[in-house]
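Residue numbers start from 1 in every chain, and the chains themselves are labelled A, B, ... in the order their sequence lines are given, proteins ahead of strands.
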4 protein chains.
Amino acid sequence: MAKYQQEIEVRGHLIDSSILTKIFDRVMDLEGEFEVLEINIGKKKKDESYARLRVQGKSQKQLDRILDLVYREGATSKSQKEVKLKFASKNMVMPDNFYSTTNNRTQIFYKNSWIQVENMMMDKCIVVKGNTAKCVPIRDVKKGDKIVIGETGVKITPPERPREGMNIFEFMGSSSSSERPTQHIAKRVAEDLHRTKKSGGKIVLVGGPAIVHTGAADAVAELIRTGYIDGILAGNALAVHDIEYATLGTSLGMNVHDGTLAVRGHRNHMDAINSVFKAGSISNMVKTKKLKKGIMYECVKRKIPFILAGSIRDDGPLPDVITDVAEAQRKYKEVLKDAKIVMMISTMLHSIATGNMLPADVKVIVVDINQPTVTKLMDRGTWQALGIVSDVGAFLPLVINQIKKLKK
Amino acid sequence: MAKYQQEIEVRGHLIDSSILTKIFDRVMDLEGEFEVLEINIGKKKKDESYARLRVQGKSQKQLDRILDLVYREGATSKSQKEVKLKFASKNMVMPDNFYSTTNNRTQIFYKNSWIQVENMMMDKCIVVKGNTAKCVPIRDVKKGDKIVIGETGVKITPPERPREGMNIFEFMGSSSSSERPTQHIAKRVAEDLHRTKKSGGKIVLVGGPAIVHTGAADAVAELIRTGYIDGILAGNALAVHDIEYATLGTSLGMNVHDGTLAVRGHRNHMDAINSVFKAGSISNMVKTKKLKKGIMYECVKRKIPFILAGSIRDDGPLPDVITDVAEAQRKYKEVLKDAKIVMMISTMLHSIATGNMLPADVKVIVVDINQPTVTKLMDRGTWQALGIVSDVGAFLPLVINQIKKLKK
Amino acid sequence: MAKYQQEIEVRGHLIDSSILTKIFDRVMDLEGEFEVLEINIGKKKKDESYARLRVQGKSQKQLDRILDLVYREGATSKSQKEVKLKFASKNMVMPDNFYSTTNNRTQIFYKNSWIQVENMMMDKCIVVKGNTAKCVPIRDVKKGDKIVIGETGVKITPPERPREGMNIFEFMGSSSSSERPTQHIAKRVAEDLHRTKKSGGKIVLVGGPAIVHTGAADAVAELIRTGYIDGILAGNALAVHDIEYATLGTSLGMNVHDGTLAVRGHRNHMDAINSVFKAGSISNMVKTKKLKKGIMYECVKRKIPFILAGSIRDDGPLPDVITDVAEAQRKYKEVLKDAKIVMMISTMLHSIATGNMLPADVKVIVVDINQPTVTKLMDRGTWQALGIVSDVGAFLPLVINQIKKLKK
Amino acid sequence: MAKYQQEIEVRGHLIDSSILTKIFDRVMDLEGEFEVLEINIGKKKKDESYARLRVQGKSQKQLDRILDLVYREGATSKSQKEVKLKFASKNMVMPDNFYSTTNNRTQIFYKNSWIQVENMMMDKCIVVKGNTAKCVPIRDVKKGDKIVIGETGVKITPPERPREGMNIFEFMGSSSSSERPTQHIAKRVAEDLHRTKKSGGKIVLVGGPAIVHTGAADAVAELIRTGYIDGILAGNALAVHDIEYATLGTSLGMNVHDGTLAVRGHRNHMDAINSVFKAGSISNMVKTKKLKKGIMYECVKRKIPFILAGSIRDDGPLPDVITDVAEAQRKYKEVLKDAKIVMMISTMLHSIATGNMLPADVKVIVVDINQPTVTKLMDRGTWQALGIVSDVGAFLPLVINQIKKLKK
C-alpha cells in the first residue's frame, strides 16, 4: 500500500474555518488513510495554523480521487510542481484534461512562482497568458489558448469565516429559517447595507417581479434613489411589472392602492410592454416623461446600470432586454465586478445565474418566501451567505425604515 | 334504466354560489344522467333560483351514490320523507347506517316539519331529542340516543358566496398566493377586524409559537389589550415561548431586541416552564407579578379565555395545558361558539383542529409562510376563507399599524 | 342608471362549465347589477344552454369594466357589431387600444361573419389579413398590420369541462395534492399517454435537469424510444446532465449506479459540455458514437425535435442551445403545434414558457415535488390540467412500468 | 482581563467531528479570546485527539456565557469539580439554577468519579439517586429529588461522525435534497434496514396518514409482517385511515384500486372509527376477524407495540388512542428504548415528539415530500440523520422491492 501515498500540507484558519475537518472528511469518505505528520495550531484566534499530512489510498486511482477532493479544500502537494498547460485545439474547446475551477481564491505555480488567477468563478477553465492567469468560460476559449490541465500546481484558498465584528453574517451563521425575529433581521440587514455603502462598497440587487406584486417596488426604488444600489440584475418581468405599476398603478391589473380591478386591467401588462416599444426604450420613456417613477425610472435617472436578461418565458420581451443569454451573462459579470454585497430578492433564475459568477468571498443576502429556494441559493460553500425566508412585500419596507433611522 | 331514477329539487343562489354546477358535476362524475324538468333563475342578483331535476343511474347502487353526493350540495328529494332514526346500542357507538354530517347548515324532516340541526360540525352524527336535533361527536354518543341514519329527510344548505360589500373575502376570492401586495392586504384585514369588532362580532385567534420566534408577540398582545380578540386557541409552545420572551427577553435563548445570545440562554425555554410550575399556573404568575407582559399576560388581565391543548411534542407541558385532547376539544368548541372571524396564525395542528369544529359560514383568515399549509387549511369548501402566504413577524405588525389608523 | 346598460348573451354548457357562475361573479365583483331576460338550460347533459342578460353599471366606466370581464368569460353583446381595426404605425408597436388575447378559442365578427382566430395564445394581439385572423406576439408585429382594437366584435369560447369518459383529467378534477395514491395516478397517466398515442395524438415533454438527478433519465429515454414523445422542450441543463450521465455514468460527479464519487467527478459536468463542443453538436456526438444512450441520444436517433432554450444561468451553454430567447420561443411554438398532451416535468421556467404558448384546450400534466410550483403551473383557467406533487425519480419509472403492461 | 479566564480541555475526534471548530466558533461568536495551550491530534484516523485551551472573557458574565456554550460542545473545565445538587422543593418544580440537558451522552462528576446519566433526552433535568443519575422530565420531578444545578461537574460527549463503512448515513452526509437518485437511495435505505435487522437492532417507525393516502400502506404492512419493524409510533389518523383502507378499500372515500368514488364514501372515514368503537378496540377487531389486513392488523398479529398519541385534531379518536399526551409521551419513550434506527414518515408532529426523546446517537431516517419539514426534523445536531425529500407513495414500495432482493 505504501506506494499509493502523497504528502500534503495546508495553512490558514484550519480549525476555525473547518478546513482540516473537511480534509479529514474527504479522505475518510473515500476510505483512504491519513497520518498527521506535523500540526501547528495557531495559539490565538488571529494566528494561522499549519498541518502536514500523509494521505494513502488503496490504488493510484483511489489516491487520485482523494487528492482531487482535498486539493479543493485548500491542501497542496508538499513538493510543489509546475502547473501543466496545453493549447486549445479549437475555439470553444478545452483540452481533455482541463482543470475545472472552483469559486475560491486560486493560485497556480508557474515559472517557479505562485500566480493569482483573476476573475474567479465556478466551473470554468484557467487560461495563462504571459505571466497572468485568468478564469475563462468555455465559449470564450480561443484556439491556441494555454489552458491549465490536471490538478498539479494549483492551490486553492477557501474563504475564512468572517470575524470582523458582529455583522449580520456572523449573527445568522450562514443558516436560513423562517422562524427568526423579522424586524430585528431587517435592522441588521439595514446596518450592513449602510456600513458597506459608507465605506464605498458596491451593492448589487438581483430581483424578480414578486418585488412589484407584493408591493415592495416603492422600497426598492427608494433604495436606488438614496444611493444604496449600484446595479440591478433582473429579467424582463421585473421591468414590465415595475412599468405597469408606475404608469397604470396596477400589478397584473389590480389597482395596488385600493385593491380594485382596473378597467380592462388584464391588458395592462401588455400595455406597459407596448408603451416601451413605442418609446423605443426604457430610457426614452424617462426622457419623454412617459415614465416618472419606479425602479427602472430611478435607475435611468441615477445612471445605475440595469441588465435585463431574456428568458424563454418572457412576454415581449422589452426592447431593453438582452435576448441573447451569452451576451447577457457577459453584461451581468461586468456589473458584478468588485461587488461587496449582492442582494438576491425573489428570483431563483437570476440568483443562481449570479451565484455562479461570484467569487466565494462576496457577501450574499437572499430573501424569498419559499424555503427550498433559499436553501438552494445558500448552497455555495461559503460563510458569507445569509438566507431570509420572509415576505418581501413586508420585509423590504422594514429595511427601508431602518435605513432611514440610521441616516438620522 | 327508467327504474333507477329520482326527482330532486334545489333552491338558493344556484348560479352565483355554483350550486347547480356542482350538482351537474356530481351526476356526470359518476356517469349518471340528468334532465332539467323545471328551472327558474332569479332575475336580479338578490333573487333566489329554483331547479327541479330528474337524476338517473344505471343501477340502484350508482343512483344512490349520485344522490349521496348531490344531497350534500344542497339538493333534496322532491318528495320529502321523514328522517330515519335508530337507537345507539352502546355508549360511543353509532348505528351502522349513521348519517355523517358536513359543516353546512343542515335540517332534518322530522314529525312533518323541518328542524334545524344545532352545533354543526363536519364528520359527526345527528342526535334527535324531543323536537331538537344536535350534531354530536362519537365520544359523546350515549346508549339509547336517537341517531339519524341514511340520507333520507336530511337537507343541506351550502353557504352562499358573500356579497355584502367589498370586504377582504370578496376581494381575495378564497384564493391564496404569496404574490399579493402585502401592505394592502394587511390594511384590508385590519378593516375587517375593526368592522367585525365594532358590530360586536366575536374574534378568535388560533396561534403557534412562530408568532413569538418571528417577533410578532407584541403585536398579538396589543390586539388582545385593545379588545380585538375574544379567545385564544393554542398549544403549550405558544405559551412557553411567550413567557420566555416576556420574562427573559429571549426566544430560544436569543435576546430578541439585539440578537445576542443570553447567558445560559439554551435553558431559558425550560426556565420559563419551571417558573410556571413554581407559580402553579399562568394566572398565578400574573397575580404574583412574575409575568408582566405578553400574550398570556394580556389574556389573564382581560379575562380572555385561552385554551392550551396538549400535544405529544410538548416540553413540560405547562400546568395550564389540558393534556387530555378529548377534553381540550370540548374547551376549544366552547370558545369557538358564535365566533364571526377565526384567525389562524402559523399553526397547522391547531388550525386544522379548529377548522373541523367550525360551521362553513364562519370567516377564516389563515396566515402562514408555507404555501402548502395555507392551501390545506383553505380546503374547507367555503367562500369565507382567506389565505395569506406571508411572514407573520412582518405581517402582524402591519395589521396593528393599520388598526391604529382606523381608531383615530 | 338605466343608461349604463348592455344586453349580452351566452351559449354553451353554461352550468356544467361554470360559465354562467363566472359571469354573475364578474358583475357582482364590480358591484354591477344584472337581470336575467331569458334562460334556457339544456335538459340533458349533452344539450347546450342559452342565456340573455341585461347588465347595468353605475357609470359608463364601471359598465365597460364589467363588460370587459364578462366578454372574457364567453358572453357577447346581443347586438353584434363589426370588429374595429387599426394599422400598426411601426414594427413591434401595437395601436394604443389593442385587444389583448386570452388562451381561449376566439372569433372576430369581420365583414359580417365570424372568423376563427388562429394560433391562439395568451397576451398577444390579433392581426387581420384578408379574411384570416391570427394571434401575433408584439415582436412579430409589422408596420401596417391591421390589428384588432377595443372589445367590440370579439367572441370567446371558454373550454368545456371534459366529459368524454373517465380519463385522468376528470378523475383528478384539475386539482393538485401530494396526498394521492401515487401508484394509481401513475397508472392513469400511463393509460392517458397510451390512449392518446394510439389515436395518433402528439405528446410533448417539457423537462428540467432534476429528471437526471433523481434517476429518471432512463425512464424518459425509454418513453422516447418506444414512441410516446414527439418533442422535447428543455434548457441547457437537461441536455448537459443527460450527457454527463450517458457518457460518464455520473450526475454532478456521483456514480448513479452505486452512489460513490467518481475520480475528479466535480468536473464531469464541464467535461460533458466540452465533449459536445469538441464534437460540434449533440447529433455529431451520436454520429461519431461518442454518445450512445440517454434522452438526447434517443431524440437524435428517432429524429424527435428537441429545442434547448438558453437561459442566463447556463453553464456553457452547449452549441445546440438557442441562446437567443426570442428565437427559442419561435422554435418552442413550432414543436407545440397541434400537441394533444404536454407533460411538464420538474422545470418551472420552461413550463411557464410553454403554458403561455398553449391554447386552453391542450391537456397539461405537471409533475413536480414542490407544491407551490405545481399550483402556479395549474393556474391557467382550464379544466385540462393535472397537477401531481411527487418525486419524478420514483414517479416516472412507475409510469413506464404501467405503459409496458398496457402494451402487452 | 486576566481574571475572567478558565482552562478547559477536550478529547475525542476533535477534527473529524468538528468538535474543535465548534469550540473555537462559540468563543468567537461571543467575542471572547482563546489560547491553545496544548494540542495533540490523533495521527491516524482511529486515534483520539486532545486539546487544552485557555478561554478569556471581558467580564465574568461573558466568560460564563462562553463556558456555557463550549461545555455543550464537549469541553470540560481542566480542574474538575464535584457536581452541585439541590433538592426539589415541590413535585414538578426544579430548583432555579437547574442544569438543562442536551441529547448527548452526559456524565457528572459525583463523589469523585464520573457517573453516566441514564435515559438521555434534550431539555430535561438530571436527578441523582444513590450512585446513579437519570435524565428526568419536569412532570416526573418529585419533591426532595436531588437535582443537578449549574454547569460545574457535567461532561458532555458529542456523537462522533459515523465511520464504520459506506452506510447510507455517510453517503448522504446528513444533508437533504430532492435532487438525488431516488431508486439508489431506496436501495441504500433497504440495505441499512436489512443490516440493522440482521444484527438484531431495533427499528421503530413513526408515521402519518399520508402513508395511506399515497398508497404506501401495503408497503408498511409488509415491512411489519416480514419483521423489520419493532414498534409503531403514530396518532389517531394513521390508524383510522389504515382501517378505512383495510375494511372498505377506500382512502377518504376513494376506491384505492381504481380511483372511483365509493357509495357514501365521504362517511367511510367515520364508519371506520365507528367500527373500532363497536369492537371495543383494534385488537378486538382483529380477534373478531373484522380487520384482516393492513398496518394495524400486522401489529396486532405480530404483537408489535403501536402507540397512538391523541391530538387536538383527532376525529373520534379511536378507543386505542391515548388521549392524555403526558401518558402518551411515556409510552412513546418505552417503545423507543434502545432503538437503533427510527424512520420518520410523513408526520411532523409525531416526528418532532420522537426526536425530542432520542439520544443523539440513534440513527434517524426522515422521508417527507415537503422540504422544510425534512430540514426542520434534521436540525438535531447529529451526524446520524438522513433526510429524503420524496413521495412516500412511490418511495416505500421501492424500499420493499429492494429488501426482497436482499433476502434472496
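Neither the backbone nor the side chain of A:Ile322 comes within contact range of chain C; no heavy atoms are under 4.5 Å apart. Looking at C:Lys278, both its backbone and its side chain come within 4.5 Å of chain A, counting heavy atoms on both sides. Neither the backbone nor the side chain of C:Asp140 comes within contact range of chain A; no heavy atom of the residue lies under 4.5 Å from a heavy atom of that chain. Contacts of C:Ile312 with chain A are made by both backbone and side-chain atoms, with heavy-atom separations under 4.5 Å. Interface remark: C:Leu318 contributes backbone atoms only to the contact with chain A (heavy atom separation under 4.5 Å). Within the 4.5 angstrom heavy-atom criterion, no atom of A:Ile66 approaches chain C. The contact between C:Leu69 and chain A is made entirely by side chain atoms (from C-beta outward), counting heavy-atom distances below 4.5 Å. Heavy atoms closer than 4.5 Å to chain C are found in the side chain of A:Lys90, but not in its backbone. If you measure heavy-atom distances from C:Tyr332 to chain A, the contacts under 4.5 Å come from the side chain alone.
The greatest number of non-hydrogen atom pairs below 4.5 Å with chain A, out of C:Pro317, C:Ser100, C:Ala326, is found for C:Pro317. Highest contact tally toward chain C, considering only A:Lys124, A:Gln62, A:Met348, A:Glu151, is held by A:Glu151 [criterion: heavy-atom pairs under 4.5 Å]. Of the listed residues (C:Asp271, C:Asn370, C:Val276, C:Ile273), the greatest number of heavy-atom pairs within a distance under 4.5 Å of chain A belongs to C:Asp271. With chain A as partner, the option from C:Ile352, C:Asn274, C:Asp324 having the largest number of non-hydrogen pairs under 4.5 angstrom is C:Asn274. Highest contact tally toward chain A, considering only C:Leu233, C:Thr101, C:Thr323, is held by C:Thr323 [criterion: heavy-atom pairs under 4.5 Å]. Considering only heavy-atom pairs separated by less than 4.5 Å from chain A, the leading option among C:His350, C:His269, C:Met270 is C:Met270. The candidate from A:Asn97, A:Thr102, A:Leu30 with the greatest count of non-hydrogen atom pairs under 4.5 Å with chain C is A:Asn97. Ranking A:Gly310, A:Ala309, A:Ser311 against chain C, the residue ahead of the rest is A:Ser311, based on heavy-atom pairs under 4.5 Å. Taking C:Val93, C:Val141, C:Val321 one by one and counting their heavy-atom pairs under 4.5 Å with chain A, the maximum is reached by C:Val93.
Using a 4.5 Å cut-off on side-chain heavy atoms (C-beta onward), C:Arg264 and A:Leu67 make no contact.
The CG atom of C:Leu349 lies 7.5 Å from the CZ atom of A:Arg313; values are rounded to the nearest 0.5 Å. To the nearest 0.5 angstrom, A:Phe277 atom CZ is 10.5 Å from C:Asn91 atom CG. The structure places CG of A:Asn356 at 5.5 Å from CG of C:Asp315, a figure rounded to the nearest 0.5 Å. Taking NE2 of C:His266 as the reference point, atom CG of A:Asp123 lies at 8.5 Å (rounded to 0.5 Å). Distance check: C:Gln329 CD to A:Asp314 CG gives 6.5 Å after rounding to the nearest 0.5 Å.
Heavy atoms from other residues, nucleotides or ligands lying under 6.0 Å from NZ of C:Lys143 number 12 at most. Heavy-atom contacts from other residues, nucleotides or ligands closer than 6.0 Å to NZ of C:Lys84 number 12 or fewer. Crowding of A:Lys61 atom NZ: a count of heavy atoms from other residues, nucleotides or ligands under 6.0 Å not exceeding 12.
Note that A:Arg267 lies outside the cation-pi zone of C:Tyr99, set by a 6.0 Å cut-off to the ring centre and a 45° limit from the axis.
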